[in-house]
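Single-structure report; data block below.
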Amino acid sequence: MSSGNRLRRRVLVAATSAAVVILASACAGTASTSTSSSAATSGTPSPTTTAPLVIGASVSLTGDFADSGKAVKAGYELWADEVNKKGGILGRQVQMKIVDDTSSPTQVVTNYQNLITQDKVDLVFGPFSSLLTIPASQVAKRYSYAFIEPAGGGPKVFAQKLDNLFFVQPAPVVKSGDVYADWILSLPKADQPKTAAYAELDDPFSAPIAENIRARFEAAGIQTVYKQVYPAETRDLTAIMSKVAAANPDVLVSGTQSEDAYSQVKSLVQLKFSPKFMFMSNGANSPVEFPSKVGVNNVNGIMSTADWYPGSPAESSPAFVAAYTAKYGGAETDIDPSSAEAFSCGQLLEQVAAKTGKIDNATIISTLHQGTWPTLVGNLSWDAIGQPTGSFSLIQWINQKLTPVFPADVAKAAPVYPKPNWGG
Amino acid sequence: MNVPALARGGVLTVALLALPLLGLEHWVLNLLIFTLMYAAMSSAWNLVGGFAGYPSLGHAAFFGFGAYFIGLWFQHHDVVSGYEPFVILPLVGLLAALVGAPIGWIAMRTRADVFAIVTITLLFVAQTLAFNLDDLTGGAQGLAMPTPPFELARFEWPFYYAMLWILLLSMALTYLSMRSKVGLSLDTVRADEDKALGIGIHVQGVKVLSFSVSVGLVAMAGGVWAYYETFVYPQFAFDPLITIGMVLMVFLGGRATLWGPILGAVILVPGQQYLAYKLGGSQLYLIAYAAVFLLIMLLMPRGILPTVADRLRRRRAVGTSSDAGPPTAAPPSAGAGSSVPVPSGGTA
Amino acid sequence: MHALIQGLILGILTGGVYALMASGQTLIFGIMKVVNLAQGAMVILAAYFSYTLFADFGVDPLLAIPLTTAVMFGLGVVIQLVFLRPLKREDSAQLSLLVTFAVALLLEGFMSVTWRTTYRSINTDYANASWTLFGYQFTVVRMIAFVLSLVSLGLLFLLLNRTRFGRAVRATVQNPMSAELLGVESKRVAALGFGLGAATAAAAGSVYGLLYPFNSGSHYDLISELLSIVVLGGMGSVGGAVIAALIVSTSSAVVATMFNPTWSSFTFFVILILVLLIRPQGLFGTVERGAL
Amino acid sequence: MSALLEITSARKVFGGVRAVDDCSLSVEEGSITALIGPNGSGKTTLFNLITGYLGADGGEFRFRGRDVTGSDPGRLYRHGLTRTFQQARVFPHMTVTENLVAAGGYRWRDLLVPRVSRRDRARAEVLLEEFRMTHVAELQAADLSYGQRKLLEFAAVLMSEPRLVLLDEPTAGVNPVMIETMERHIRERNGVGVTFLVVEHDMQFVMRLCNPVVVLNNGKEIFAGSPADVQQNPMVLDAYLGT
């Protein structure tokens, strides 16, 4: 027994040390290659530096958030290409270092640790999803990096009260549906809905939107006749939609992501119930997916919100669209808004550099806290904890096209109500 | 034969204790924290899945339990020194063990495959509860914790030492059980539970004991993890992939061995995290991962340690057979899981 | 009352699909004592096949079934031969759990490379149609799915009960040792049986693709439900799986319509645990005589 | 002599088949009782009922005068009732000594003592000596011949000094020399007061060793008596030849 055990352990020690050696050499190898760049870029870079400006970001290329993650990656890389064509930032070529976090909170922490302390990147951008943004922003905060992030707007992100964080969308998630409430409540009293139903996906990016609208509606006297929160794994929304139909509300407010939005519409069509007003926080704002999933004849009259959308009035939008379609192919309508949001992160950097002549983290943080910054997703400004103070645009499917309808300064058509029946 | 084993353990302990003092970079410490976490959890899983032969797929339920316990503790207490969560860690372990005992008692009425499924069901129940009891857990909004107030230079140290402490505790408990009747009883349960029952082994008792201790250890690791991440979310804290990670590492290193799970963790965690960091962009990541996994399972179904030990033993047996002489000097056993035919020591 | 009945209708219709998916799983367990964690991935793979045939060649998913079935059968046989047959050890049950999980990962990786991770759904022109009978909604796709599942289950039943191969399979399920003595080649039965299990995944996949959007990661959700159904019905019992599938889907549909969808999966897990406490062998599992 | 084990109206049904059907039987203290019967007559099921591996659907089991109906195997073992299995069940990857020690019937508080303590080793050595297995003490049970494994299983159940040992086909698959060894050990142990209940197909072995002989058919006891009487009983012949 004893000698067997001893032998076994010796093998173990050998194998362990082998593994450690392999690991250590792998690390040493990369460490030595990265020191060259870090030596040049560490400390406060002087404006005369010509070394590339390395920006690290971890996005989900595999796992639950892979689709959106890839869209974010496309946006970052497109911006880097564009800015480099213009000669870079302060004469420095931008180099994106994008790594995969496999949609895992553990990996995202490892990635930002590695980006900041191993590869010593100059700046970082955020990952996709609030769930990953929270642990990632903690790491960035620890090393005093500015954390410009395109896709982490959930309430708990701001509950951290970080002064280095900037959410690159017009409004925090909670308030992103406010524009709908604004519009409904701006209608003549007689036209306003009297009863409302709410169907909300239970996650940080969906239910809070509907809840916020509900609070506004109830305060204005619109009666809640049905409300249901459903878990993310609910594949079948027929049950909930049949209860919505039974409650027969004037307005259906849906806090949705994507698949559940399609599923809601399909169920309603099958149930032959068409409410007078219908708002979906997400999913319905997808120009290609939504009509293809629910049928082009079933989209008209449905409302949603957007920051960037095909035909967006933002000044930089046409150039962005041209660059995007040149690089990735496809049409304007194939562009995921997440790409535009990611692109906007870069636009902010350009402006900070142009304004201050510097591009270090402290400058970025202090500069962005003041003033208003035009981007693809609108003119952005932030409060002390990184919450944007603007609002989204209300968009509606009119004649099978997504059209901005409210507020007036972006509207290209008047809102259509009541919503036409299915198949119309 | 006890002294060298303890000496080896001592050397390892001292080495790991001293590691942060070498001035390692933050990212190395970060990787070590996750490696130690999985080493500790695999070692703990091994008590049930390896020694008792009950492949629990529900251990992440207790990981989540620990994570939420620490998260909820912060809802009612302010951070002063930042070390409070570590102080209450033993309490977390104890509570999880107490909760785990009746669950183990019920779940372990079933065997092997059904047990695996019942435990994974347990995991989904726990996840559903975390989502639905939103008044308590914050539900789908998640639960954020305050930033740990440690100075930047040594930020990772408390987490590193906490994980190390759990690992050492788990290995010490494993070692003690291997050396005592607990280990003997678990060996009989794994080999033939009905027979073990018939010779008066306290089958249910040792099974529940190992389950309870095991999940207690995993819960403590979950608590430290939550504090390090500063955010818990039902899907992340009760993640089947966390259990799968433990299982894989134990199978890779060698089931029912003291060092196997640690070896598995040392190979897989840095491998996985580093590969994802370095080549994660490649779509083939998952395929490569699965392929490696399959190869190991097919070539070394018993795990690295037992397979390698066996090969060496065989080579050695051949080398020394000339002076071995009488059949009684047949090679000594390699512990659990040996299937190498050894010449029988004669018949009566 | 209306909601309850609507829930029941929904549950029963969905139950048929689950029954089909779970029958393959339980069959594989019965024959080989292998818990096939790749069953969900095989269903999704078949759904992708159907999707491609529909989207690129305009083949209706229902007509595609014979083709996908043949492909999946072959794939199942190959998986068994390459990955499972080599495991000939006393603990092969535990190992096969891991091996089939790895196969699931492999398939998932393959699918995410081939079809990316965007959700797909098979949108035929009858996707949104429904009939109204006595005030209750009957979705056309669901009806088709249900009927198709019944037909597939019926064919499976005939195959198991009316053919030589089926008899060999049933003999192996009941008692592998005596089946071997009676001249059943258990190795061949195992390979063909795994193929058969995969073939049921083909039919199930086409139906699944009609009903729900899916992507390469969808198999995780599926597999936990399938396992629970198989355990509830009794490992290895096809009839048990069918009944358990109906119990699962009606109980969750009823809870979702009557009470709250957030608790519907929970209800089912509670049923599962209660059943296992009283009958650890599942509803229709048997304690084998002389099992000791 | 008094009844060490007494079974009244035991019943066990498997999916409609009555494996044990209203069976009563008693085993006298100090005897070597044989339990014979054609295949499928319920012998093994009855063993499983007696040792608590299966729960009976009805009937009463008394051991050493106490009602033990529904007790689990471990409890019965600690009371002194133990068994061996048809296919020698030992722990293949544990050493012979460990196999013996594991069967030592220790208590809760013993769980923390070393795996094989000095006392355990001493006890095991005595048995190994008796069974002439000292030279294989440190081998894994998997490395033993089948006969040796059967012997080991038998030796192991003696570690706890049982009062009644149920042997399930002790000679099946074993060479003639080993059968003799087995027989000798049973006699020796019987000589120091251990009672045996033996299921066996080898009739010569039964006739040499056992008295009384109990015959089971269709889950019922149909006869009990001396070996000589069994051979002449028409009902027994019928049971063996008729079905």
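Below, chain A is the first sequence line, B the second, and so on; all start at residue 1.
Scanning residues 109-117 of chain A against chain B with a 4.5 Å heavy-atom cutoff picks out A:V109, A:T110, A:N111, A:Q113, A:N114, A:L115, A:T117, ordered by number. Among residues 224-236 of chain B, the residues having any heavy atom closer than 4.5 Å to a heavy atom of chain A are, in sequence order, B:W225, B:Y228, B:E229, B:T230, B:F231, B:Y233, B:Q235, B:F236.
Side-chain atoms of B:T147 and A:Q160 form no donor-acceptor pair, as typed in the model, at a separation below 3.5 Å.
Looking at B:E151, there are no atoms closer than 4.5 Å to chain A (heavy atoms on both sides), in backbone or side chain. Contacts of A:P155 with chain B are made by side-chain atoms alone, with heavy-atom separations under 4.5 Å and no backbone atom involved. For A:S103, the part lying under 4.5 angstrom from a heavy atom of chain B is the backbone only. In this structure, no portion of B:I33 lies under 4.5 Å from any heavy atom of chain A.
Of the residues considered (A:D203, A:T106, A:V229, A:V108), A:T106 shows the highest number of contacts with chain B, using heavy-atom pairs under 4.5 Å.
The shortest side-chain heavy-atom distance between A:K120 and B:E25 falls under the 4.5 Å cut-off.
By the salt bridge (Lys or Arg N to Asp or Glu O under 4.0 Å) test, A:D81 pairs with A:K327, sequence neighbours left out. For A:K97, the salt bridge (Lys or Arg N to Asp or Glu O under 4.0 Å) test picks out A:D119, with sequence neighbours left out.
To the nearest 0.5 Å, the span separating OG on A:S104 from CG on B:D239 amounts to 7.5 Å.
Within 6.0 Å of NZ on A:K175 lie no more than 12 heavy atoms contributed by other residues, nucleotides or ligands.
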